[in-house]
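Below you'll find the structure, written out as structure tokens, and then a few comments.
Atoms considered below: every heavy atom in the structure, side chains included; atoms not considered: hydrogens, waters and symmetry mates. What you see is a predicted model; the values in this text were computed from it and never measured.
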Amino acid sequence: EDQVTQSPEALRLQEGESSSLNCSYTVSGLRGLFWYRQDPGKGPEFLFTLYSAGEEKEKERLKATLTKKESFLHITAPKPEDSATYLCAVQDFSGTYKYIFGTGTRLKVLA
Amino acid sequence: DTGVSQDPRHKITKRGQNVTFRCDPISEHNRLYWYRQTLGQGPEFLTYFQNEAQLEKSRLLSDRFSAERPKGSFSTLEIQRTEQGDSAMYLCASSLRDPGSNYGYTFGSGTRLTVV
């Protein structure tokens, strides 16, 4: 069965202190790996899709990378407005339309 | 179009009552998804519609849950005989096509259900 594990559960950074979030996955055949950002009381907001090992995507201070077993979300010089929960999800090739989400990493960036 | 709208934002109900939530997707999106999210967890898939056809249902969607999307526009999710374990955020999402490169679901802000 497809599974997604995210670590750490929570992370506190000083403004400007770069770090990485991890998403480990087990899937029969990866159709896509997705990163979302979720602010309190709101629905998740799409960030990136990755399809194959070695692929990288960037957006402002965020960079997502993918290997055959895990994905990293690198945050460079974060700002307080980057504080949110970051969710990782996978979709497989079995014909399902569903995403399997991890439990997320709660990021707090302190000024 | 301001995105995916969900109504109500909050619902408190007594155990055993029926509740219905509504989702209005982005108008040109033909794909609509329902997810459920409990505190500290990621969203869990409930069901998927392509236009008016319900193409996939999770095992989480027990007989007490039913979803519809008449005419392929808005969707409703009904929970009958609510239980305390149904307390969660119910999220709706829509998309124009299979999520792909630089394109994903657009989620609504959810309906928070509390069963007392």
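- Counting non-hydrogen atoms of neighbouring residues, nucleotides and ligands closer than 6.0 angstrom, the CG atom of Leu55(B) exceeds 12 such neighbours.
- Contact of the Gln50(B) side chain with the Tyr97(A) side chain is registered, since non-hydrogen atoms from C-beta on lie closer than 4.5 Å.
- Contacts between residues 101-111 of chain A and chain B, defined by a heavy-atom separation under 4.5 Å, are made by Phe101(A), Gly102(A), Thr103(A).
- Along residues 36-43 of chain B, the residues that come nearer than 4.5 angstrom to chain A, judged on non-hydrogen atoms, are Gln37(B), Gly40(B), Gln41(B), Gly42(B), Pro43(B) in order of number.
- With a threshold of 4.5 angstrom between heavy atoms, Thr85(A) does not approach chain B through any atom at all.
- If you measure heavy-atom distances from Gln38(A) to chain B, the contacts under 4.5 Å come from the side chain alone.
- In terms of the side-chain hydrogen bond (donor to acceptor under 3.5 Å, both in side chains) criterion, Glu44(B) has no residue partners (sequence neighbours excluded).
- Nearest heavy-atom pair across Phe45(B) and Tyr99(A) is CB-O, 4.3 Å.
- In this structure, Glu52(B) places its CD atom where more than 12 heavy-atom neighbours from other residues, nucleotides or ligands lie under 6.0 Å away.
- Between the CZ atom of Phe107(B) and the NZ atom of Lys42(A) there is a distance of 15.0 Å, given to the nearest 0.5 Å.
- Considering all non-hydrogen atoms of both residues, Leu91(B) and Gly43(A) come closest at CD2-CA, 3.9 Å.
- For Phe65(B), the ring-ring contact (aromatic ring centres under 6.0 Å, His included) criterion is met by no residue, not counting sequence neighbours.
- Residue Arg112(B) does not touch chain A at all, counting heavy-atom pairs closer than 4.5 Å.
- Ring centroids of Phe34(A) and Tyr105(B) are separated by 6.0 Å or more, keeping the two rings apart.
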